[in-house]
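Below is one structure, written out as structure tokens; comments come after it.
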Amino acid sequence: MDSDERPQQQVTGVVIITLPPSDNPSYGKTITAFTLTNDHVLPQSLPLPLPDQSLPTTSPPPPPQNPQLGFSFSGLFSDNPRKLLGFLGISLFALLLYTLSFSDTFVELRNSKENDDEKPQSFIFPLYHKLGASDTELKLGRFVEVDKKNSMVSIARGPTRTQKINKLVAANVALIDPSATTILPVRGNVYPDGLYFTYMLVGNPQRPYFLDIDTGSDLTWIQCDAPCSSCAKGANPLYKPARGNIITPKDSMCMEVQKNQKPQNCETCQQCDYEIEYADHSSSLGVLARDKLHLVSANGSVTKLDVVFGCAYDQQGILLNTLSKTDGILGLSRAKVSLPSQLASKGIINNVVGHCLAKDVVSGGYMFLGDDFVPNWGMSWVPMLGSPSTEFYHTQLVKINYGSSSLGLGGKDGNIGRVVFDSGSSYTYFTKQAYSELVSSISEISELGFIQDASDRTLPICWRAPFPIRSIMDVKKFFKTLTLQFGSKWWIISKKFHIPPEGYLIISNKGNVCMGILDGSSVHDGSTFILGDISLRGQLVVYDNEKQRIGWTQSDCGKPTRFKTLPFFEG
């Protein structure tokens with residue numbers, strides 16, 4: 001049969017180029033080509049001449065100096081096509097597995113140049129230190145019913161009337177009912193100031209407002225002159241709303257804020273009142289407003305959009321102390337009225353929040369909205385719990401250790417606990433049982449000469465060391481690491497959140513070392529662990545509301561990095 005009459009076949013070819021040895025380049029190159037057809041014909045070695053070679057290329061290359069280390073693809077595959085097919089098959093299978101493992105990354109790479117202007121953005125915010133506040137915050141908040149008749153305030157000019165209402169309710173009422181529905185660089189510290197904060201540009205013309213970052217609060221609010229009944233002297237002049245900024249009771253955001261309150265018929269109401277009570281028994285009363293928020297994205301572009309926030313004209317409790325250097329609170333929870341949820345509902349960002357609180361007081365850290373700064377690798381992820389209070393960022397805890405000693409979880413189910421990640425809380429709170437057992441375990445330092453100093457009221461438990469203390473590093477070796485275990489009681493497959501001694505100790509003004517973990521039996525529902533700023537420092541923590549998960553990884557929190565590819569894809 002002539003060659004032109006042969007049936008058409010699919011041909012697979014492999015070309016191998018053998019370079020001459022470095023010590024004798026005169027041997028030239030050798031090209032060996034293999035062809036495989038679907039008839040399974042054995043491949044033939046085809047030496048091809050190369051131009052400008054001093055010696056014929058058909059001369060075989062010299063054997064390697066060490067035969068045991070020599071490796072030849074032609075020797076491996078020339079006499080057995082099955083080996084070649086097997087090698088190619090294994091390579092393709094490995095590539096397939098890799099692609100599936102990093103499918104999100106490859107999709108991102110494929111789509112990175114498509115619809116660049118339409119995809120959600122990300123925003124970075126600075127966090128700043130609040131000097132001189134000297135406060136211990138615990139900002140787990142919930143909306144409560146407002147007595148509209150006694151809290152009415154008029155935004156219009158002229159006579160106004162504001163009447164005090166009792167916001168400091170009994171302690172058992174102020175505790176959050178588990179069935180209720182109800183944060184560029186970051187600055188701040190835990191002691192002595194007790195918070196981290198950033199700034200927002202609001203209004204037209206835009207004005208800056210410093211806000212405490214709080215993943216445990218729903219509503220963002222700013223102290224405002226409506227007029228103000230009880231406001232602290234904040235960092236900036238009070239926000240002054242126009243009549244057109246005030247939201248009416250029929251607005252969807254008003255109905256979201258008041259959805260769990262008893263319906264009240266108020267034909268004359270022209271504003272949406274709200275009141276928030278916090279776990280430290282503080283409160284904020286005001287009306288909802290809508291105004292321009294100016295956001296600078298990671299690429300430098302400016303986005304202006306309408307957002308809903310609280311115009312707060314009456315604050316009570318310890319909250320007034322925290323407002324000496326700031327202007328309000330930035331609500332970052334999962335609620336629909338929170339800032340990230342509002343931005344996500346407009347398609348501005350993917351509903352992801354992250355913060356990185358530096359251990360170094362000078363640098364502070366940073367916070368972001370959007371998912372461009374979430375690492376594609378190295379994160380520990382645990383699922384968010386959907387109940388009992390869906391707005392909090394909480395997950396399930398299966399075990400907790402102080403060093404090698406296990407602590408009881410306490411709560412309703414002694415085998416499973418709940419943990420809330422709360423950037424609005426200065427310190428960390430344990431259940432009564434875990435707290436008692438932790439104090440008992442740490443008391444062993446008394447054998448090393450540490451004496452509890454009851455005269456130091458900085459925190460409930462402070463110790464005087466047998467030597468002068470300049471920093472936590474001086475006493476770190478005498479304390480052990482706390483390990484919170486999530487997902488499974490099997491140590492190998494579980495996810496672990498480590499809290500080193502510097503994650504729960506502070507040095508007081510008296511030079512004592514104090515424990516920044518407090519008894520949480522009278523906080524929240526009494527059976528929940530609350531991780532505050534002191535234990536979140538040195539960690540990049542991400543709240544992914546899109547995938548309903550919480551993640552963390554160790555970081556110096558110095559500079560945010562935009563993660564779009566794996567390291568070997570980066571130029």
Item checked: Geometric class of the Phe373/Phe368 ring pair [parallel <30°, tilted 30-60°, perpendicular >60°] -> tilted
Next item on the list: Assess whether atom CZ of Arg549 is packed by more than 12 heavy atoms of other residues, nucleotides or ligands within 6.0 Å.
Entry: yes
Notebook entry, point to check: OG/Ser341 to CG/Asn351 distance, rounded to the nearest 0.5 angstrom?
Noted result: 4.5 Å
Check: Using a distance-only test with no angle check, is there a side-chain donor-acceptor pair under 3.5 angstrom linking Tyr239 and Asp291?
Finding: yes
Check: Is a side-chain donor or acceptor of Glu256 paired with a backbone partner of Lys259 at a separation under 3.5 angstrom?
Finding: no
Item checked: Ser282 side chain to Ile318 backbone, donor-acceptor under 3.5 Å -> yes
Check: Relative to each other, are the rings of Tyr543 and His355 parallel, tilted or perpendicular (30° and 60° limits)?
Finding: tilted
Check: Would you find a donor on one side and an acceptor on the other, under 3.5 Å apart, between the side chain of Asn245 and the backbone of Arg290?
Finding: yes
Next item on the list: Take the angle between the ring planes of Phe421 and Phe497 and call it parallel below 30°, perpendicular above 60°, tilted in between.
Entry: perpendicular
Checklist line | Main-chain N/O of Gly331 paired to Thr220 side chain as donor or acceptor, under 3.5 Å | finding: yes
Tabulate below the donor-acceptor pairs under 3.5 Å that side-chain atoms of residues 396-403 make, not counting sequence neighbours, or state none.
residue	atom	partner	partner atom	Å
Tyr402	OH	Lys480	N	3.2

Note to self: Going by side-chain contact (heavy atoms from CB on, under 4.5 Å), Met515 matches just one of Ile506, Ile442, Ile534. Which one?
What the structure shows: Ile442
Check: Does the side chain of Asp533 come within less than 4.5 Å of Tyr427's, by heavy atoms?
Finding: no
Note to self: Measuring from atom CG of Asp212 to atom CG of Leu323, what distance do you get when rounded to the nearest 0.5 angstrom?
What the structure shows: 7.0 Å
Notebook entry, point to check: Can Gln315 and Ser284 be counted as having a side-chain donor-acceptor contact under 3.5 angstrom?
Noted result: yes
Check: Is the side chain of Gln316 donor-acceptor paired with the backbone N or O of Leu285 at a distance under 3.5 Å, no angle test?
Finding: no
Notebook entry, point to check: Side chain of Asp327, backbone of Gly234: donor and acceptor closer than 3.5 Å?
Noted result: no
Note to self: Is it the case that atom NZ in Lys495 sees more than 12 heavy atoms from other parts of the structure closer than 6.0 Å?
What the structure shows: yes
Check: Could Asp218 and Lys336 be called an ion pair, given the rule that one side-chain N must be under 4.0 Å from one carboxylate O?
Finding: no
Next item on the list: Decide if atom CD of Gln554 counts as having more than 12 heavy atoms of other residues, nucleotides or ligands within a radius under 6.0 Å.
Entry: no
Notebook entry, point to check: Within the side chain of Ser441, is there an N or O that forms a donor-acceptor pair under 3.5 Å with the backbone of Glu437?
Noted result: yes
Check: To the nearest 0.5 Å, how far apart are CD1 in Ile550 and OG in Ser380?
Finding: 12.5 Å
Check: Any chance the side chains of Ser494 and Gln485 put a donor and an acceptor closer than 3.5 Å?
Finding: yes
Notebook entry, point to check: Got a sec, which residues hit side-chain contact (heavy atoms from CB on, under 4.5 Å) with Gln548, two or more places apart in sequence or on another chain?
Noted result: Arg334, Met384, Asn545
Margin query: Between Gln342 and Val337 (side chain of the first, backbone of the second, donor and acceptor by atom type, cut-off under 3.5 Å), is there such a pair?
Written below: yes
Check: Is it the case that more than 12 heavy atoms not belonging to Lys304 sit under 6.0 Å from its NZ atom?
Finding: no
